[in-house]
**Student:** 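Mind having a look at this structure? Questions to follow.
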Number of protein chains: 2
Amino acid sequence: MEKKIQLPTSESHDLQGFPCPHIAVDVALMSIDPRDEYPKLCVLLHRRGPGHVEGMWALPGRFVRERDTLSNTAEQAVALKLGIQGTNVQQLHVFDDPDRDPRGWVMSVAHIGTISWERCIENTHHLRDVFAAPIRDHELDLPDGQSRLPYEQREIVRYAVKEIRRQYSLLPDPGHFLPDEFTLLQLREVHQAVQDDEIKADTFRREMKPNLIPTGEFSSGGVGKPAELYRRRDRSSSTVPSLSRSTRNRRRTPVEETF
Amino acid sequence: MEKKIQLPTSESHDLQGFPCPHIAVDVALMSIDPRDEYPKLCVLLHRRGPGHVEGMWALPGRFVRERDTLSNTAEQAVALKLGIQGTNVQQLHVFDDPDRDPRGWVMSVAHIGTISWERCIENTHHLRDVFAAPIRDHELDLPDGQSRLPYEQREIVRYAVKEIRRQYSLLPDPGHFLPDEFTLLQLREVHQAVQDDEIKADTFRREMKPNLIPTGEFSSGGVGKPAELYRRRDRSSSTVPSLSRSTRNRRRTPVEETF
DNA sequence: ACACGTTTACGCAAAAATGCGCTAATCTTG
DNA sequence: CAAGATTAGCGCATTTTTGCGTAAACGTGT
């Protein structure tokens with residue numbers, strides 16, 4: 001059954017008459033909690049105040065104000081809900097079910113961001129309405145017996161976990177959980193927390209080396225042979241090799257959206 | 001300089017008073033043109049009609065109508081501008097510069113889709129306003145001496161090329177350029193077109209096999225030993241292995257957006 | 001001062017992957 | 001029926017990667 005589409009000779013591009021959705025952003029801001037025996041990947045939640053399911057833990061979010069950008073809105077959401085300024089965020093996915101919000105037609109643009117644990121704690125340790133929820137198998141351990149996040153925030157977290165694991169399979173600590181200089185052990189612990197998988201030291205060191213610059217300086221104050229400090233190689237350089245197969249060939253089936 | 005953020009005790013979530021942007025979608029619909037000695041990856045363009053820079057070649061796009069979804073709008077854009085129905089699309093990126101459209105505040109959600117060459121030709125061969133533009137080094141060969149695509153469509157094509165190459169490094173022909181049954185040579189030609197790189201037959205066959213199901217049937221009508229036909233293994237199966245390093249360890253620096 | 005634990009880095013064997021030559025099998029064409 | 005073209009797999013050399021044992025270097029406790 002072949003139906004030929006009649007191509008319109010002209011189509012009104014005047015914006016009058018096109019209703020438009022409200023645009024919200026949600027942010028999965030991630031950090032690495034080093035407090036347990038093994039550092040672990042977390043997502044920062046805030047507890048909602050009066051006016052919107054008070055007391056419920058949620059990802060920070062915010063409506064886009066007039067002529068504002070998504071990333072600016074996302075950063076404001078993080079600032080207002082988590083007390084953290086100046087975070088870099090990236091888009092993940094747009095959720096566009098017209099019935100997803102009972103208040104009206106709203107699209108939500110999910111974002112992902114990363115923050116070091118030190119900077120996270122520095123900004124939020126005094127706040128009782130901010131919580132770092134650890135991630136287990138793409139799910140969050142929510143506090144206060146809460147069973148699930150509102151709207152599609154559960155899916156947002158899954159998207160975020162998948163995306164950060166993908167990026168960490170390509171480059172050393174692209175999310176800058178670590179400061180500018182770090183040891184191989186610190187780097188490996190971060191990668192293990194992100195990938196939720198054990199990574200062999202030898203293999204890891206060999207594949208990181210091409211993307212790291214030895215500083216010539218060594219760590220001090222720890223037990224054992226002092227570790228050399230490294231910096232990330234500037235990845236804008238055209239000579240940066242991508243990681244070898246062992247980082248990328250992690251035994252995980254790419255269960256992800258394809259065409 | 002530490003500035004504590006005053007968390008609001010309540011925030012108005014009523015949608016009144018929030019201006020909102022118009023939402024457009026753009027689609028980079030990709031196909032594999034087999035007509036030359038080597039098949040090559042193409043993006044489908046349409047020539048704009050009266051009312052909007054008549055005569056300019058562009059990616060199909062469309063404003064989101066009231067309470068419609070992004071994917072439905074993208075599919076309608078493809079249907080109306082390219083004459084192709086029922087394409088699957090995926091989101092790539094949201095372009096949100098408030099000054100990007102002189103007519104007003106518009107955000108554009110870029111999408112990627114794929115279509116077999118046969119189905120593409122079947123729907124568009126009679127149309128003079130549809131063109132399959134070959135991709136060279138992330139750029140398009142535009143017809144009629146046109147130097148560049150409008151708005152951010154050049155970037156959209158780059159996003160699309162990167163995304164399709166990434167997906168083709170993970171699974172055999174996830175974009176279904178090929179029909180349900182195909183030979184290894186056909187599969188390899190498609191992968192070579194997408195990756196724009198030579199792929200050795202032996203290595204390719206070894207890494208594809210775990211994700212393919214031999215049908216027991218053979219191709220006919222060609223010269224030489226008939227090749228066996230394969231189907232893609234259902235990737236929802238938990239036993240599907242991801243591709244080995246040789247497909248993924250292609251010498252390309254991941255020059256892409258990270259945090 | 002020494003033993004011990006911890007960490008780093010290297011040498012080396014083992015394992016895995018790659019690429020090529022070769023061959024057998026099978027089809028089409030003349 | 002012969003020749004050419006193509007597919008597919010095997011054997012094997014080479015290359016690459018992995019993982020382990022070990023030495024070196026440090027801090028801590030005795």
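Chain naming here is simple, since letters A, B, ... match the order of the sequence lines and numbering starts at 1 in each.
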**Student:** Rounded to whole angstroms, how far apart are CZ on B/Phe204 and P on D/dT7?
**Tutor:** 13 Å
**Student:** Measuring from the side chain of B/Arg205 (C-beta onward, heavy atoms only), which nucleotide among D/dG4, D/dG9, D/dG19 has the closest atom?
**Tutor:** D/dG9
**Student:** For A/Arg188 and C/dT8, give me the distance from atom CZ to atom P, rounded to whole Å.
**Tutor:** 8 Å
**Student:** Return the nearest nucleotide to the side chain of A/Arg206; candidates are C/dC12, C/dG19, C/dC27.
**Tutor:** C/dC12
**Student:** Would you indicate whether the side-chain heavy atoms of B/Gln167 and B/Val194 approach each other to under 4.5 Å?
**Tutor:** no
**Student:** Whole-Å distance between C/dT26 C1' and B/Lys225 NZ?
**Tutor:** 7 Å
**Student:** So B/Lys81 and B/Asp129, salt bridge (Lys or Arg N to Asp or Glu O under 4.0 Å) or not? Walk me through it.
**Tutor:** CA-CA 9 Å; B/Lys81 305 297 172 63; B/Asp129 295 331; over 6 Å; no
**Student:** Mind calculating the distance between CG (A/Leu212) and P (C/dT8) to the nearest angstrom?
**Tutor:** 13 Å
**Student:** Using only side-chain N and O atoms of B/Lys209, determine if any of them is under 4.0 Å from OP1 or OP2 of D/dG9.
**Tutor:** yes
**Student:** Judged by modelled atom types alone, do A/Gln91 and A/Glu163 share a side-chain donor-acceptor pair under 3.5 Å?
**Tutor:** no
**Student:** To the side chain of B/Asp202, which of D/dG21, D/dA8, C/dG21 is closest?
**Tutor:** C/dG21
**Student:** For the side chain of A/Thr203, starting at C-beta, report the closest nucleotide among C/dT7, D/dG19, C/dA9.
**Tutor:** D/dG19
**Student:** In whole angstrom, give the distance that lies between atom CD of B/Glu207 and atom P of C/dT18.
**Tutor:** 6 Å
**Student:** Nearest whole angstrom, please: distance from the C1' of C/dT7 to the OH of A/Tyr230.
**Tutor:** 12 Å
**Student:** Under the criterion side-chain contact (heavy atoms from CB on, under 4.5 Å), which of B/Thr114, B/Val190, B/Asp196, B/Ile164 is the partner of B/Leu41?
**Tutor:** B/Ile164
**Student:** D/dT7 C1' sits how many Å from B/Met208 CE, rounded?
**Tutor:** 18 Å
**Student:** In terms of side-chain geometry, is the basic nitrogen of B/Arg35 or B/Asp33 positioned less than 4.0 Å from the acidic oxygen of its partner?
**Tutor:** yes
**Student:** Out of C/dG19, D/dG19, D/dG4, which has the shortest distance to the side chain of B/Lys200?
**Tutor:** C/dG19
**Student:** Calculate the interatomic distance between B/Gln186 atom CD and D/dA8 atom C1'; express it in whole Å.
**Tutor:** 16 Å
